[in-house]
Amino acid sequence: MRRAVTLATVAAVLAATAAGSALADGAARPRPTAHSTADSAVQRGTLLDRVPERGVLRVCTTGDYRPFSHRDATTGAYTGIDIAMAGNLAKSLDAKPKFVATTWAKLVDDLAAGRCDIGMGGVSVTLERARKAAFSEPYLTDGKTPIVRCEDEKKYQTLDDIDRPGVRVVVNPGGTNEQFARAHIKRATLTVHPDNTTIFEEIIDGRADVMMTDASETRYQSKIHPELCAVHPDKPFSFSEKAYALPRADAQFKEYVDQWVHLATHDGTYQKYADDWLAASPAASPAPS
(Lines give C-alpha, C1' and ligand atoms only; values in the text may rest on other atoms or scores of the structure.)
Protein backbone atom coordinates (compact mmCIF):
# COMPACT_ATOMS: atom_id res chain seq x y z
CA MET A 1 0.00 0.00 0.00
CA ARG A 2 2.77 2.44 0.94
CA ARG A 3 4.55 1.75 -2.37
CA ALA A 4 1.36 2.48 -4.33
CA VAL A 5 0.86 5.77 -2.51
CA THR A 6 4.46 6.77 -3.19
CA LEU A 7 4.14 6.03 -6.90
CA ALA A 8 0.92 8.00 -7.09
CA THR A 9 2.59 10.96 -5.40
CA VAL A 10 5.54 10.89 -7.84
CA ALA A 11 3.20 10.72 -10.81
CA ALA A 12 1.23 13.70 -9.53
CA VAL A 13 4.42 15.74 -9.09
CA LEU A 14 5.63 14.88 -12.60
CA ALA A 15 2.28 15.78 -14.10
CA ALA A 16 2.25 19.12 -12.30
CA THR A 17 5.80 19.85 -13.44
CA ALA A 18 4.96 19.05 -17.07
CA ALA A 19 1.85 21.22 -16.94
CA GLY A 20 3.84 24.10 -15.46
CA SER A 21 6.48 23.78 -18.16
CA ALA A 22 3.83 23.82 -20.83
CA LEU A 23 2.25 26.92 -19.33
CA ALA A 24 5.60 28.62 -19.04
CA ASP A 25 6.47 27.73 -22.64
CA GLY A 26 3.13 29.08 -23.83
CA ALA A 27 3.64 32.27 -21.88
CA ALA A 28 7.10 32.73 -23.42
CA ARG A 29 5.75 32.52 -26.96
CA PRO A 30 3.61 35.39 -28.21
CA ARG A 31 0.16 34.35 -29.25
CA PRO A 32 -0.41 34.74 -33.01
CA THR A 33 -2.65 37.62 -33.86
CA ALA A 34 -5.06 37.69 -36.78
CA HIS A 35 -2.68 40.09 -38.55
CA SER A 36 0.43 37.94 -38.07
CA THR A 37 -1.46 34.83 -39.16
CA ALA A 38 -2.59 36.59 -42.33
CA ASP A 39 0.98 37.79 -43.02
CA SER A 40 2.27 34.24 -42.61
CA ALA A 41 -0.33 32.91 -45.01
CA VAL A 42 0.60 35.55 -47.59
CA GLN A 43 4.30 34.64 -47.31
CA ARG A 44 3.52 30.98 -47.84
CA GLY A 45 1.03 31.61 -50.64
CA THR A 46 1.16 32.58 -54.27
CA LEU A 47 2.93 35.57 -55.80
CA LEU A 48 -0.49 36.54 -57.09
CA ASP A 49 -1.14 37.66 -53.48
CA ARG A 50 2.37 38.54 -52.37
CA VAL A 51 3.22 40.97 -55.18
CA PRO A 52 0.19 43.24 -54.54
CA GLU A 53 0.84 42.92 -50.80
CA ARG A 54 4.40 44.25 -51.08
CA GLY A 55 3.62 46.58 -54.02
CA VAL A 56 6.72 45.47 -55.93
CA LEU A 57 7.24 43.03 -58.82
CA ARG A 58 10.87 41.90 -58.83
CA VAL A 59 12.05 41.31 -62.41
CA CYS A 60 15.30 39.51 -63.26
CA THR A 61 16.70 40.86 -66.53
CA THR A 62 20.12 40.95 -68.20
CA GLY A 63 19.88 44.49 -69.58
CA ASP A 64 22.08 43.59 -72.56
CA TYR A 65 19.62 42.37 -75.15
CA ARG A 66 18.01 45.01 -77.30
CA PRO A 67 15.22 45.36 -78.29
CA PHE A 68 13.92 43.49 -75.24
CA SER A 69 16.02 44.73 -72.31
CA HIS A 70 18.72 47.39 -72.21
CA ARG A 71 20.40 48.98 -69.19
CA ASP A 72 21.98 52.40 -69.71
CA ALA A 73 25.52 52.19 -68.37
CA THR A 74 25.48 55.84 -67.29
CA THR A 75 22.07 56.22 -65.67
CA GLY A 76 21.31 52.60 -64.80
CA ALA A 77 17.84 53.00 -66.35
CA TYR A 78 16.25 50.05 -68.12
CA THR A 79 14.39 50.29 -71.43
CA GLY A 80 13.10 47.81 -73.98
CA ILE A 81 10.00 45.94 -75.09
CA ASP A 82 10.02 43.59 -72.11
CA ILE A 83 10.84 46.41 -69.71
CA ALA A 84 7.66 48.12 -70.85
CA MET A 85 5.82 44.80 -70.55
CA ALA A 86 7.13 44.41 -66.99
CA GLY A 87 5.69 47.80 -66.13
CA ASN A 88 2.35 46.77 -67.60
CA LEU A 89 2.29 43.48 -65.67
CA ALA A 90 3.26 45.20 -62.42
CA LYS A 91 0.52 47.80 -62.89
CA SER A 92 -2.05 45.04 -63.35
CA LEU A 93 -0.98 43.70 -59.95
CA ASP A 94 -1.15 47.12 -58.21
CA ALA A 95 2.65 47.12 -57.99
CA LYS A 96 5.74 48.72 -59.50
CA PRO A 97 8.57 46.88 -61.23
CA LYS A 98 11.96 46.53 -59.57
CA PHE A 99 14.64 45.32 -61.96
CA VAL A 100 17.18 42.83 -60.63
CA ALA A 101 20.42 42.59 -62.63
CA THR A 102 21.40 39.09 -63.73
CA THR A 103 23.29 37.30 -66.51
CA TRP A 104 22.20 34.74 -69.06
CA ALA A 105 24.12 32.04 -67.22
CA LYS A 106 22.45 32.84 -63.87
CA LEU A 107 18.95 34.03 -64.79
CA VAL A 108 16.95 30.88 -63.99
CA ASP A 109 19.12 30.14 -60.95
CA ASP A 110 18.40 33.61 -59.57
CA LEU A 111 14.69 33.03 -60.18
CA ALA A 112 14.76 29.60 -58.52
CA ALA A 113 16.60 31.06 -55.53
CA GLY A 114 13.82 33.61 -54.99
CA ARG A 115 15.85 36.71 -55.90
CA CYS A 116 13.07 37.77 -58.26
CA ASP A 117 9.48 36.91 -59.15
CA ILE A 118 9.81 36.67 -62.93
CA GLY A 119 12.54 36.58 -65.59
CA MET A 120 12.03 38.90 -68.57
CA GLY A 121 14.07 40.30 -71.44
CA GLY A 122 13.94 38.09 -74.53
CA VAL A 123 14.30 34.77 -72.69
CA SER A 124 14.19 31.75 -75.01
CA VAL A 125 12.40 28.64 -73.81
CA THR A 126 14.73 25.64 -73.50
CA LEU A 127 14.33 22.25 -71.84
CA GLU A 128 17.42 22.94 -69.73
CA ARG A 129 15.85 26.12 -68.36
CA ALA A 130 12.49 24.38 -67.95
CA ARG A 131 14.05 22.02 -65.42
CA LYS A 132 14.53 24.99 -63.09
CA ALA A 133 11.73 27.37 -64.08
CA ALA A 134 8.24 27.37 -65.51
CA PHE A 135 7.47 29.43 -68.59
CA SER A 136 4.51 31.58 -69.50
CA GLU A 137 2.56 31.30 -72.70
CA PRO A 138 5.02 32.31 -75.47
CA TYR A 139 4.76 35.81 -76.88
CA LEU A 140 7.15 35.50 -79.84
CA THR A 141 8.41 32.82 -82.24
CA ASP A 142 12.11 33.18 -83.03
CA GLY A 143 15.23 31.28 -84.10
CA LYS A 144 18.98 31.62 -84.68
CA THR A 145 20.14 33.30 -87.85
CA PRO A 146 23.33 35.13 -88.94
CA ILE A 147 24.12 38.82 -88.91
CA VAL A 148 27.06 39.95 -91.03
CA ARG A 149 28.54 42.95 -92.82
CA CYS A 150 26.22 43.70 -95.71
CA GLU A 151 28.89 43.11 -98.35
CA ASP A 152 29.23 39.54 -97.01
CA GLU A 153 25.53 38.71 -96.88
CA LYS A 154 25.60 36.25 -99.82
CA LYS A 155 28.69 34.50 -98.42
CA TYR A 156 27.04 33.25 -95.23
CA GLN A 157 23.67 31.81 -96.18
CA THR A 158 24.03 28.34 -94.63
CA LEU A 159 25.73 26.73 -91.65
CA ASP A 160 28.17 25.09 -94.08
CA ASP A 161 29.01 28.53 -95.45
CA ILE A 162 29.76 29.74 -91.94
CA ASP A 163 31.52 26.69 -90.49
CA ARG A 164 34.62 26.88 -92.67
CA PRO A 165 38.28 27.42 -91.80
CA GLY A 166 39.12 31.11 -91.88
CA VAL A 167 35.62 32.32 -90.90
CA ARG A 168 35.56 34.19 -87.57
CA VAL A 169 32.39 33.65 -85.56
CA VAL A 170 31.73 35.72 -82.45
CA VAL A 171 29.23 34.91 -79.70
CA ASN A 172 28.13 36.23 -76.32
CA PRO A 173 28.50 33.88 -73.31
CA GLY A 174 26.10 31.92 -71.15
CA GLY A 175 22.92 31.70 -73.19
CA THR A 176 21.33 29.97 -76.14
CA ASN A 177 23.54 31.84 -78.64
CA GLU A 178 26.66 30.21 -77.21
CA GLN A 179 24.95 26.81 -77.01
CA PHE A 180 23.93 27.02 -80.67
CA ALA A 181 27.35 28.18 -81.82
CA ARG A 182 29.22 25.47 -79.91
CA ALA A 183 26.88 22.82 -81.28
CA HIS A 184 27.40 23.87 -84.91
CA ILE A 185 30.80 25.54 -85.22
CA LYS A 186 33.57 22.94 -85.54
CA ARG A 187 35.92 24.28 -88.22
CA ALA A 188 35.48 28.06 -88.10
CA THR A 189 37.15 30.11 -85.37
CA LEU A 190 34.75 30.77 -82.49
CA THR A 191 35.44 33.67 -80.13
CA VAL A 192 33.41 34.49 -77.02
CA HIS A 193 32.94 38.23 -76.56
CA PRO A 194 31.92 39.06 -72.98
CA ASP A 195 29.82 42.17 -73.65
CA ASN A 196 26.62 41.69 -75.61
CA THR A 197 26.12 45.45 -75.90
CA THR A 198 29.33 45.90 -77.95
CA ILE A 199 29.56 42.55 -79.72
CA PHE A 200 28.20 43.85 -83.02
CA GLU A 201 31.04 46.36 -83.25
CA GLU A 202 33.36 43.35 -83.57
CA ILE A 203 31.75 42.62 -86.94
CA ILE A 204 31.49 46.26 -88.02
CA ASP A 205 35.18 46.88 -87.24
CA GLY A 206 36.30 43.73 -89.04
CA ARG A 207 37.47 41.69 -86.05
CA ALA A 208 34.76 39.07 -86.67
CA ASP A 209 32.69 37.97 -89.66
CA VAL A 210 29.50 36.43 -88.31
CA MET A 211 27.32 36.31 -85.24
CA MET A 212 24.36 33.96 -84.94
CA THR A 213 21.60 35.19 -82.68
CA ASP A 214 17.83 35.43 -82.55
CA ALA A 215 16.24 36.76 -85.73
CA SER A 216 14.48 39.46 -83.70
CA GLU A 217 17.85 40.80 -82.56
CA THR A 218 19.38 40.67 -86.04
CA ARG A 219 16.48 42.73 -87.38
CA TYR A 220 16.95 45.35 -84.68
CA GLN A 221 20.74 45.53 -84.95
CA SER A 222 20.61 45.83 -88.75
CA LYS A 223 18.16 48.68 -88.30
CA ILE A 224 20.47 50.68 -86.04
CA HIS A 225 23.70 49.64 -87.82
CA PRO A 226 23.29 50.14 -91.59
CA GLU A 227 26.62 48.33 -92.12
CA LEU A 228 25.07 45.09 -90.88
CA CYS A 229 22.52 42.84 -92.57
CA ALA A 230 20.30 40.16 -91.06
CA VAL A 231 20.58 36.99 -93.13
CA HIS A 232 17.18 35.40 -93.94
CA PRO A 233 15.58 36.31 -90.56
CA ASP A 234 12.26 34.95 -91.84
CA LYS A 235 13.86 31.50 -92.27
CA PRO A 236 16.17 31.01 -89.27
CA PHE A 237 18.33 27.93 -88.73
CA SER A 238 16.41 26.90 -85.62
CA PHE A 239 13.04 27.22 -83.92
CA SER A 240 12.53 28.80 -80.51
CA GLU A 241 9.95 30.75 -78.57
CA LYS A 242 10.30 33.63 -76.18
CA ALA A 243 8.36 33.61 -72.94
CA TYR A 244 8.65 34.80 -69.35
CA ALA A 245 10.38 32.60 -66.77
CA LEU A 246 8.37 31.90 -63.61
CA PRO A 247 8.78 29.96 -60.34
CA ARG A 248 8.00 26.30 -60.95
CA ALA A 249 5.78 25.72 -57.92
CA ASP A 250 3.45 28.72 -58.24
CA ALA A 251 0.64 27.53 -60.53
CA GLN A 252 -1.71 30.40 -59.62
CA PHE A 253 0.82 33.06 -60.57
CA LYS A 254 1.62 31.24 -63.81
CA GLU A 255 -2.07 31.09 -64.73
CA TYR A 256 -2.38 34.82 -64.17
CA VAL A 257 0.73 35.64 -66.22
CA ASP A 258 -0.45 33.31 -69.01
CA GLN A 259 -3.76 35.16 -69.18
CA TRP A 260 -1.98 38.53 -69.13
CA VAL A 261 0.35 37.47 -71.98
CA HIS A 262 -2.59 36.15 -74.00
CA LEU A 263 -4.46 39.44 -73.68
CA ALA A 264 -1.38 41.62 -74.27
CA THR A 265 -0.50 39.78 -77.48
CA HIS A 266 -4.06 40.00 -78.80
CA ASP A 267 -5.22 43.47 -77.74
CA GLY A 268 -2.31 45.40 -79.24
CA THR A 269 -0.41 46.05 -75.99
CA TYR A 270 2.70 44.05 -76.91
CA GLN A 271 2.71 45.29 -80.49
CA LYS A 272 2.53 48.91 -79.34
CA TYR A 273 5.61 48.49 -77.14
CA ALA A 274 7.44 46.72 -79.97
CA ASP A 275 6.54 49.43 -82.48
CA ASP A 276 7.52 52.21 -80.05
CA TRP A 277 10.91 50.65 -79.41
CA LEU A 278 11.73 49.77 -82.99
CA ALA A 279 10.67 53.24 -84.17
CA ALA A 280 12.96 54.95 -81.65
CA SER A 281 16.68 55.52 -81.96
CA PRO A 282 18.91 53.87 -79.33
CA ALA A 283 19.39 57.25 -77.68
CA ALA A 284 15.67 57.86 -77.45
CA SER A 285 14.32 54.44 -76.55
CA PRO A 286 10.88 54.54 -74.94
CA ALA A 287 10.63 54.55 -71.17
CA PRO A 288 8.71 51.75 -69.47
CA SER A 289 5.10 52.40 -68.63
Side-chain angles (χ1 to χ4, degrees), residues 59-73 76 78 80-83 99-113 115-116 119-133 135 140 142-149 156 159 162-163 167-222 224-225 228 230-231 233 236-245 282:
V59 181
C60 276
T61 192
T62 63
D64 66 352
Y65 188 19
R66 294 183 291 192
F68 300 101
S69 172
H70 174 67
R71 182 181 182 274
D72 188 284
Y78 287 88
I81 298 170
D82 278 348
I83 301 303
F99 298 105
V100 179
T102 188
T103 65
W104 289 111
K106 295 180 179 179
L107 191 149
V108 291
D109 289 327
D110 284 343
L111 177 68
R115 297 186 182 96
C116 53
M120 304 180 76
V123 183
S124 296
V125 179
T126 69
L127 292 178
E128 181 181 1
R129 287 171 175 165
R131 294 179 65 181
K132 298 180 180 180
F135 281 94
L140 184 67
D142 219 337
K144 304 302 179 189
T145 204
I147 185 167
V148 303
R149 289 181 296 277
Y156 300 117
L159 282 169
I162 296 168
D163 190 24
V167 178
R168 298 164 300 169
V169 179
V170 66
V171 69
N172 60 307
T176 56
N177 286 345
E178 184 178 10
Q179 291 172 1
F180 184 86
R182 292 197 181 281
H184 294 91
I185 299 303
K186 306 300 181 183
R187 295 176 295 171
T189 300
L190 180 62
T191 300
V192 177
H193 185 77
D195 184 2
N196 200 40
T197 61
T198 62
I199 193 169
F200 298 96
E201 295 171 17
E202 296 297 295
I203 304 173
I204 293 170
D205 294 341
R207 293 184 291 271
D209 302 310
V210 181
M211 180 183 178
M212 290 179 288
T213 184
D214 292 321
S216 53
E217 186 174 33
T218 66
R219 288 189 181 97
Y220 178 76
Q221 291 294 334
S222 63
I224 65 174
H225 297 298
L228 299 179
V231 180
F237 293 144
S238 65
F239 168 84
S240 68
E241 293 177 316
K242 296 200 180 299
Y244 301 123

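No hydrogens, no waters, no symmetry mates; every other heavy atom, side chains included, goes into these values.
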Under 3.5 Å, is there a donor on one side chain and an acceptor on the other for S216 and K242?
no
Next on the checklist: Can you confirm whether the side chains of D110 and T102 place a donor and an acceptor under 3.5 Å from each other?
Outcome noted: yes
- [ ] Say whether, by atom type as modelled, one donor and one acceptor occur between the side chain of S69 and the main chain of G63 under 3.5 angstrom.
- [x] yes
The reported gap from CZ in F99 to CD1 in I83 (rounded to nearest 0.5 angstrom) is 4.0 Å
Got a donor-acceptor contact below 3.5 angstrom from the H70 side chain to the R66 backbone? no
key: Side chains of T213 and N177, donor plus acceptor under 3.5 Å   = yes
- Message: Could you check whether any side-chain N or O of T61 sits under 3.5 Å from a backbone N or O of M120, counting only pairs where one atom can act as donor and the other as acceptor?
- Response: yes
**Asked** Within the side chain of R187, is there an N or O that forms a donor-acceptor pair under 3.5 Å with the backbone of D163?
**Response** yes
Using a 3.5 Å distance criterion without hydrogens, assess whether the side chain of R219 forms a donor-acceptor pair with backbone atoms of A230.
no
Between the NE2 atom in H225 and the CD1 atom in I203, the distance rounded to the nearest 0.5 Å is 9.5 Å
> Any side-chain donor-acceptor pair under 3.5 Å between Y244 and D82?
Replying inline: yes
**Prompt:** Between T197 and D195, do the side chains contain an N or O donor and an N or O acceptor separated by less than 3.5 Å?
**Reply:** yes
Test your reading of the model: is there a side-chain donor-acceptor pair from Q221 to the backbone of E217, 3.5 Å cut-off?
no
Taking NZ, NE, NH1 and NH2 as the nitrogens, is one of them in R115 or D109 under 4.0 Å from a carboxylate oxygen of the other? no
(Q) Looking at T103, is its backbone amide N or carbonyl O close enough to the side chain of T62 to form a donor-acceptor pair, meaning the two atoms are under 3.5 Å apart? (A) no
So, T145 side chain and V231 main chain: donor-acceptor pair closer than 3.5 Å or not?
yes
Could you tell me if D214 and Y65 have a donor-acceptor pair between their side chains, going purely by distance under 3.5 Å?
yes
With sequence neighbours left out, the residues meeting ring-ring contact (aromatic ring centres under 6.0 Å, His included) with Y156 are none
D64 versus W104, side-chain donor and acceptor atoms under 3.5 Å:
yes
Open item on the list: With a 3.5 Å distance limit and no angle check, can you tell me whether D209 reaches the backbone of R168 through a side-chain donor-acceptor pair?
Closed with: yes
